[in-house]
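This report concerns only the one structure given below.
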Amino acid sequence: MLNMSSVDLTARARIRDAAMHLFGEQGFQATTMRTIGSRAGVSAALVVHHFGSKEGLREVIDEHLADQIREDTFAAIAQNRTQSEPEMRAYAERFAPAMTYLSRALTEDATVGRNLYDRLHRDAIDFLRAGEAAGLIRPTADEAARAAALLNADLGQLLLQHHAQRVLGADDHIDALIKVTQPMLDIYTDGLFTDGRIRDNWSTPQTAEESV
């Protein structure tokens, strides 16, 4: 998802990244501007100077993460690039703070979660269109619904990772993510059902008598 390989050490970027870590770890309400400044090695006044408020800082974080996700996802399509398991594990380790932040942001505040989800959904539609154009993804009759279904499946891995870690006996949430990747790839590549009976039944209108 997110390419965390580039390093930006400007004061503004340090503040942004420190806030992302703290919002994910402690929650938005529990995190103060002073704490953010301390984590970033700057004064609270400088945090205010760059971002104005915690709300402004969070908006910047959301846009930054969404931009990075979009950039990295489209780069993978353009380069026809896939990851091996070791690459994915290293990638997930770098992305861990962002995953924690996204989990908080999507569940802690209705307005923030709604805005972030809407942005990710729009980008998912664009990504899937690009996949169709590249011959990687099959076309669909309802782009918005497909994008929502797949986005929810991906975000579910973030929001429910502690449960997956528990039931799979994984060492940590990254190990749990690795464990579910292969079956998810199997489903996306080969499908789940052995034939079309369930889909055909859903698609065919039934009378009241037939449904009894």
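Keep in mind that the numbers below use all heavy atoms, side chains included, and drop hydrogens, waters and symmetry copies.
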State the [atom1]-[atom2] distance between [X] and [Y], to the nearest 0.5 angstrom.
X: E108; Y: Y101; atom1: CD; atom2: OH; value: 9.0 Å
X: T111; Y: R114; atom1: OG1; atom2: CZ; value: 4.5 Å
X: E71; Y: D123; atom1: CD; atom2: CG; value: 12.0 Å
X: I125; Y: L120; atom1: CD1; atom2: CG; value: 11.5 Å
X: R14; Y: L46; atom1: CZ; atom2: CG; value: 8.5 Å
X: L65; Y: R70; atom1: CG; atom2: CZ; value: 15.0 Å

In terms of side-chain geometry, is the basic nitrogen of [X] or [Y] positioned less than 4.0 Å from the acidic oxygen of its partner?
X: R89; Y: E93; value: no
X: E132; Y: R146; value: yes
X: E25; Y: R104; value: no
X: D67; Y: R119; value: yes

Is there a path from L177 to L185 through hydrophobic residues (I, L, V, M, F, W, Y) whose side chains come within less than 4.5 Å of each other?
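No; tracing contacts between hydrophobic side chains, which count when under 4.5 Å, never links both residues.
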Does F23 form a side chain to side chain contact (heavy atoms under 4.5 Å, CB included) with R58? I'd like the steps, not just the answer.
CA-CA 9 Å; F23 289 161; R58 184 161 59 178; 4.3 Å; yes
Just to verify, which of L116, T107, I61 counts as forming a side chain to side chain contact (heavy atoms under 4.5 Å, CB included) with L102?
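One option only clears the test, and that one is L116.
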Given side chain to side chain contact (heavy atoms under 4.5 Å, CB included), test Q165 with Q161 step by step and report yes or no.
CA-CA 6 Å; Q165 180 180 340; Q161 58 186 321; over 6 Å; no
Would you be so kind as to tabulate the donor-acceptor pairs closer than 3.5 Å made by side chains of residues 29-36, with sequence neighbours excluded?
from	atom 1	to	atom 2	distance (Å)
T31	OG1	L22	O	3.4
T31	OG1	Q26	NE2	3.3
T31	OG1	G27	O	2.8
T32	OG1	T35	N	3.0
T32	OG1	T35	OG1	2.7

Heavy-atom side-chain contact between [X] and [Y] under 4.5 Å:
X: H173; Y: H162; result: no
X: N115; Y: D62; result: no
X: E143; Y: L128; result: no

In terms of side-chain heavy atoms, does Q68 have a donor or acceptor partner in D72 at a distance below 3.5 Å?
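On atom types as modelled, these side chains do not qualify, holding no pair under 3.5 Å.
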Criterion side chain to side chain contact (heavy atoms under 4.5 Å, CB included) on D126 and R129, from CA distance to verdict:
CA-CA 5 Å; D126 291 344; R129 285 176 181 168; 3.9 Å; yes
Could you walk me through whether M184 and Q157 pass the side chain to side chain contact (heavy atoms under 4.5 Å, CB included) check?
CA-CA 11 Å; M184 288 301 295; Q157 301 299 332; 4.3 Å; yes
Which residues pass the ring-ring contact (aromatic ring centres under 6.0 Å, His included) test with F51, not counting sequence neighbours?
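For F51, no residue satisfies ring-ring contact (aromatic ring centres under 6.0 Å, His included) once neighbours in sequence are set aside.
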